[in-house]
2 protein chains.
Amino acid sequence: MSENPLELPPTVARLWALAEPESPRRGPRPALSLEAITAAAIELADEEGLGALSMARIAERLGFTTMSLYRYVASKDELLALLMDAAADTDVPRPVAGEDWRDGMRRWALHQMEVLMSHPWLLQIPIIGPPVGPNALRWVDAGVAMLSGTGLEPWEKMSIIGLVSSYALSEARLTIDQGSEPMPFGRYLRLLVDPKKLPALAELVASGQLDEPPDIDEYGLDASTRFGLERILDGIQSLIESRGIQ
Amino acid sequence: MSENPLELPPTVARLWALAEPESPRRGPRPALSLEAITAAAIELADEEGLGALSMARIAERLGFTTMSLYRYVASKDELLALLMDAAADTDVPRPVAGEDWRDGMRRWALHQMEVLMSHPWLLQIPIIGPPVGPNALRWVDAGVAMLSGTGLEPWEKMSIIGLVSSYALSEARLTIDQGSEPMPFGRYLRLLVDPKKLPALAELVASGQLDEPPDIDEYGLDASTRFGLERILDGIQSLIESRGIQ
DNA sequence: GGTACACAGTGTGCGTCATAAACAGTGTGT
DNA sequence: ACACACTGTTTATGACGCACACTGTGTACC
């Protein structure tokens, strides 16, 4: 493992060292690598979910013993952080000629949800770190690129990236969770909402609209998710227009 | 434990049974209660965080042995679901005369973030269920009440509640996580962003705006969080105005 | 070329965890 | 009076993350 000249926190240093090959050292050649470990872990999680992702199970899948993994990662938490970035190692949506910022941002968000939902276990990882891995920053850069030409301030662009990302994450999580819920939300409401105690909500329930089966699109998302995204994009558009640009 | 005439999933049934006293049964009087268990658990989590929240530690705090808790909850996961709803047992912001929908929604969101941030361990709970507990639905009802008079469709109101809630949750989590991060995000970017690989992001970094210390308000929130919330509210406003109401 | 050293991988064991199952005592129902 | 349902306890299990010591391997140094 290379040195840490930037004095980054250890996990972040390891995230970035992934991209740099090792120089030869004393001792036996490593038969394992961090890449192999993360690949096996992702495969296992994809097949059996986060609950199956123990150090022992990962090591077994690689044909090694549990403790050997600790030569490569400091802890399981560090491995999880590495997995989050590794799972984002996909093609990133880039601006297309003639496409406006809004269509670009929408595409960026939808694609992010798609990636998240292709690894549902990602959504259950109990730790959060800032999105500073190589892949995470590639995604951020692509999102920022979608906003070029909007005339917004740098800090505003960064906030927008955060807003849209967090929406993508929340909605991906919600979509996945609904898939395993024994009862649709609308039915819960119908059974539980007492008009005397919850009058505003009871009115919505009485409309019957909350009972309708979700209208699922080609991304696996429902109308509510699309609606929320458009509201966010409307809000950003409102700000851009107030700047008298575009 | 009372019966389940509505045929709700077990955890949801237990969430709502909290509000109904037990009729006398055979056997010794229970010396424990679900209320006592949840109160002790919240107290322990508030003091020591989610990591300290084992069944053994909760039982010890109550002066009982671990396995006794299982007379009251089916599993630790069920207890966590109950805790999520119990922690939301606070005063709920209600519409105020003369306040418009936008101010109401902002207040609703900010107050939600405040509650979430007062129990940071809530943000780390690895399971998600739909917000169908008694307290969760009280909050939802209050949010819906803020939207009365907007002329929006019931399903649209429900989507907006979801959008604003998920934003509150995301931002509360982000705020808490930043508090324990060894390095500010701006500094990570300055160290890691190579203009050749990440040109759009590098431009933002070069502006210097991402280095500025966060401007924290009385809710403990930064400018970026407030900005994102206003964009969401702008988007909703845009929709309401497009309906020719208000 | 020989020896010291750093390294990779293994084996062992620890403390902690959630929870199954059996047990003992308690209070009601018949 | 006895059967039964209930509360809380005890005992034990399998699983987990990871500390630490050990063995064998390949390089660095003299």
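Sequence lines set the chain letters: A, B, ... in the order given, protein chains first and strands last, and positions in each chain run from 1.
- Between Y72(B) and the phosphate of dT7(D), there is no side-chain N or O to OP1/OP2 separation shorter than 4.0 Å.
- With dG8(D), dT26(C), dG26(D) as the candidates, the nucleotide lying closest to the side chain of R29(A) is dG26(D).
- Put simply, the side chain of D217(B) never gets that close to the backbone of D222(B): no donor and acceptor are under 3.5 Å apart.
- Side-chain proximity of S75(A) to dC18(D), dG9(C), dT25(D): nearest is dC18(D).
- Among the nucleotides dA19(D), dG9(C), dG8(D), the one closest to any side-chain atom of A31(A) is dG9(C).
- Comparing dT7(D), dA18(C), dT9(D) by their closest approach to the side chain of R71(B) singles out dT7(D).
- R26(B) contributes no side-chain N or O that forms a donor-acceptor pair with the base of dG27(C) under 3.5 Å.
- Residue contacts shown for T66(B) include a base, since a base heavy atom lies under 4.0 Å away.
- Counting only residues at least two apart or on different chains, the side chain to side chain donor-acceptor pair (under 3.5 Å) pairs with a member in residues 172-182 of chain B are E181(B)-Y188(B).
- In plain terms, the two heavy atoms of L15(A) and A81(A) that are nearest each other are CD2-O, 4.2 Å.
- Taking only side-chain atoms of S68(B), from C-beta outward, the nucleotide of dT12(C), dT9(D), dG17(D) with the closest atom is dT9(D).
- Residue-level contact check: Y70(B) touches the bases, meaning some heavy atom is under 4.0 Å from a base atom.
- A heavy atom lying under 4.0 Å from DNA chain C marks none of the residues of residues 50-57 of chain A.
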